[in-house]
Amino acid sequence: MAACASFAKLSSLSSPWISNNSFSSRTGSSSLLATRRVSLPIRATSYSDELVKTAKTIASPGRGILAIDESNATCGKRLASIGLDNTEVNRQAYRQLLLTTPGLGEYISGSILFEETLYQSTTDGKKFVDCLREQNIVPGIKVDKGLVPLPGSNNESWCQGLDGLASRSAEYYKQGARFAKWRTVVSIPCGPSALAVKEAAWGLARYAAISQDNGLVPIVEPEILLDGDHPIERTLEVAEKVWSEVFFYLAQNNVIFEGILLKPSMVTPGAEHKEKASPETIAKYTLTMLRRRVPPAVPGIMFLSGGQSEVEATLNLNAMNQSPNPWHVSFSYARALQNTVLKTWQGRPENVEAAQKSLLVRAKANSLAQLGRYSAEGESEEAKKGMFVKGYTY
């Protein structure tokens, strides 16, 4: 619908081609029967086939995305929680633990990396991107430059990073990345204002077009924050508005829908709402929103966890896969895959194997949820603890 809406704006007044070449009269026919030919742009880049193939690989049955693209500052907070200093050596050790987990590729199809990690290697000298490739995991890269205040808005944010994005994306592709991520946010307690929604949608669309031009499948992520005490109906209303704008501008920028992935928030009540919603309710509202807004041409919906507990995120995903969907409905989790891992590791070399096993437990649980076969029976109490942080920054 968004594509149709954008092309409907074409007119003989706005296009010299249409005004000069759009009419063909049939000899002997009434002028009322004159036919009009309208040329619509069909975008194809040199990477088109590769983009579609990459997106399908990531959106493969029983697999999802491991997000470890936290900024150095955010990664430092994670390390501080187990008493480690925020040094490159410690960040590399933690990411090596994650990316070299044996058997990870059975459940994980892609991993989003921070720029530092994309260029790092293991202590044995093997590039992290090669560790991923060996397990048929597609390397990805976070390309945005973070959130800053949006002037003229209601204390809202916009995401920076379009300047120089084309050249950076080309370099990331050379280094082995094949998909990209750009996270912007929308706050319900702050409105959201029409300005903030439009800025988020336009920025995502420009990023997506630039990424595709440089061989990277763009993950489109307008995160609707959990902050607030609003009911689930309000989240649905805002989510529908946001995704309507996003697809309108994706179409205007001629983005190839078959070569993108989405990373939406689940439609839930605000974190401070008095009543929690069941997985079945969350699935109902979330799938309603997706069916109303997301074309079936999009190959994959890779949900973010957004501060839900590990078990909550998995239960909600499982509920969404109880019947067939037009898209691959899966996960792109950071905290909901890493929380138990980090606490098991504690920065100690002797705990690496146990920590990797805990990662496989979470990855397998979400793999089963993608297939609609997950059960929370036997889950630890730690995995049930919520991780919501008000005003969370990545």
Side-chain angles (χ1 to χ4, degrees), residues 53-70 75 78 92 94-114 117-118 120 122 126-142 176-181 183 216-219 221 261-264 299-306 308 310-311 313-318 320-321 327-342 344-345 352-374 383:
K53 182 180 179 180
T54 299
K56 287 182 177 178
T57 298
I58 297 172
S60 54
R63 299 207 297 167
I65 294 173
L66 169 64
I68 58 168
D69 57 314
E70 301 92 344
C75 189
R78 305 271 173 88
Q92 186 245 20
Y94 178 52
R95 286 159 174 164
Q96 177 171 322
L97 179 161
L98 298 169
L99 299 177
T100 60
T101 297
L104 188 63
E106 184 176 351
Y107 313 116
I108 299 297
S109 55
S111 183
I112 312 170
L113 310 177
F114 191 61
T117 316
L118 182 68
Q120 282 180 326
T122 67
K126 180 183 287 187
K127 293 179 180 178
F128 280 152
V129 291
D130 292 333
C131 295
L132 292 171
R133 285 171 174 159
E134 287 180 1
Q135 295 212 55
N136 193 29
I137 300 173
V138 181
I141 179 70
K142 170 186 166 73
R178 290 298 178 268
F179 72 101
K181 185 196 112 168
R183 173 186 181 257
L216 303 179
V217 169
I219 288 183
E221 181 184 359
L261 296 167
L262 306 187
K263 187 170 178 175
I301 314 288
M302 321 299 285
F303 281 102
L304 59 90
S305 56
Q308 300 175 79
E310 291 176 330
V311 171
T314 309
L315 281 170
N316 292 337
L317 178 63
N318 186 69
M320 281 183 263
N321 282 297
W327 339 264
H328 175 80
V329 175
S330 192
F331 60 93
S332 177
Y333 293 163
R335 287 174 285 175
L337 283 172
Q338 297 182 48
N339 188 51
T340 302
V341 178
L342 192 62
T344 302
W345 177 46
V352 166
E353 185 176 348
Q356 290 179 329
K357 287 180 179 178
S358 67
L359 175 59
L360 285 180
V361 167
R362 292 263 45 90
K364 182 179 181 179
N366 286 289
S367 169
L368 290 171
Q370 197 288 309
L371 299 170
R373 302 203 298 260
Y374 167 74

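Keep in mind it's a predicted model, so treat the numbers as computed, not measured.
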Please report the closest heavy-atom contact between [X] and [Y], naming both atoms and the distance.
X: L99; Y: S111; result: CD2-OG, 3.7 Å
X: C75; Y: E70; result: N-CB, 4.0 Å
X: F331; Y: M302; result: O-CE, 3.8 Å

With sequence neighbours excluded, tell me which residues meet side-chain hydrogen bond (donor to acceptor under 3.5 Å, both in side chains) with [X].
X: T117; result: R95
X: S330; result: none
X: E353; result: none
X: E221; result: none

Under the rule for side-chain contact (heavy atoms from CB on, under 4.5 Å), what residues qualify as partners of [X], not counting sequence neighbours?
X: L97; result: V341, W345, V352, A355, Q356
X: N318; result: Q322, A369, Y374
X: A55; result: V217, L261, P299

Heavy-atom distance under 4.5 Å between the side chains of [X] and [Y], does that happen here?
X: V329; Y: L317; value: yes
X: E310; Y: T340; value: yes
X: I68; Y: L113; value: yes
X: T314; Y: R362; value: yes

By ring-ring contact (aromatic ring centres under 6.0 Å, His included) - contacts of F128 (at least two apart):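 By the ring-ring contact (aromatic ring centres under 6.0 Å, His included) rule, F128 matches no residue at all.
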Main-chain N/O of [Y] paired to [X] side chain as donor or acceptor, under 3.5 Å:
X: Q120; Y: K127; answer: no
X: E106; Y: L360; answer: no
X: K263; Y: S332; answer: yes
X: Y333; Y: A313; answer: yes

If you look only at distance, which donor and acceptor atoms sit under 3.5 Å apart when one is on a side chain in residues 56-67 and the other is two or more places apart or in another chain?
{"from": "T57", "atom 1": "OG1", "to": "K53", "atom 2": "O", "distance (Å)": "2.9"}
{"from": "S60", "atom 1": "OG", "to": "T57", "atom 2": "O", "distance (Å)": "2.9"}
{"from": "S60", "atom 1": "OG", "to": "R63", "atom 2": "NE", "distance (Å)": "3.0"}
{"from": "S60", "atom 1": "OG", "to": "R63", "atom 2": "NH2", "distance (Å)": "3.4"}
{"from": "R63", "atom 1": "NH1", "to": "G105", "atom 2": "O", "distance (Å)": "2.9"}
{"from": "R63", "atom 1": "NH1", "to": "I108", "atom 2": "O", "distance (Å)": "3.1"}
{"from": "R63", "atom 1": "NH1", "to": "N136", "atom 2": "O", "distance (Å)": "3.1"}

Inter-residue atom distance [X].[atom1] - [Y].[atom2], 0.5 Å rounding:
X: Q135; Y: T100; atom1: CD; atom2: OG1; result: 8.5 Å
X: N339; Y: T344; atom1: CG; atom2: OG1; result: 9.0 Å
X: K364; Y: Y107; atom1: NZ; atom2: OH; result: 4.5 Å
X: N321; Y: L368; atom1: CG; atom2: CG; result: 11.0 Å
X: C131; Y: L98; atom1: SG; atom2: CG; result: 12.0 Å

Who passes salt bridge (Lys or Arg N to Asp or Glu O under 4.0 Å) against R133, sequence neighbours left out? D130
With E134 via salt bridge (Lys or Arg N to Asp or Glu O under 4.0 Å) - residues at least two apart: K126
Going through the checks in order, is the side-chain contact (heavy atoms from CB on, under 4.5 Å) test met by Q308 and R335? CA-CA 9 Å; Q308 300 175 79; R335 287 174 285 175; over 6 Å; no
Among side-chain atoms of Q338 and Y94, is any donor-acceptor pair under 3.5 angstrom? yes
Given K181 and D69, is the side-chain contact (heavy atoms from CB on, under 4.5 Å) satisfied, shown in steps? CA-CA 9 Å; K181 185 196 112 168; D69 57 314; 2.7 Å; yes
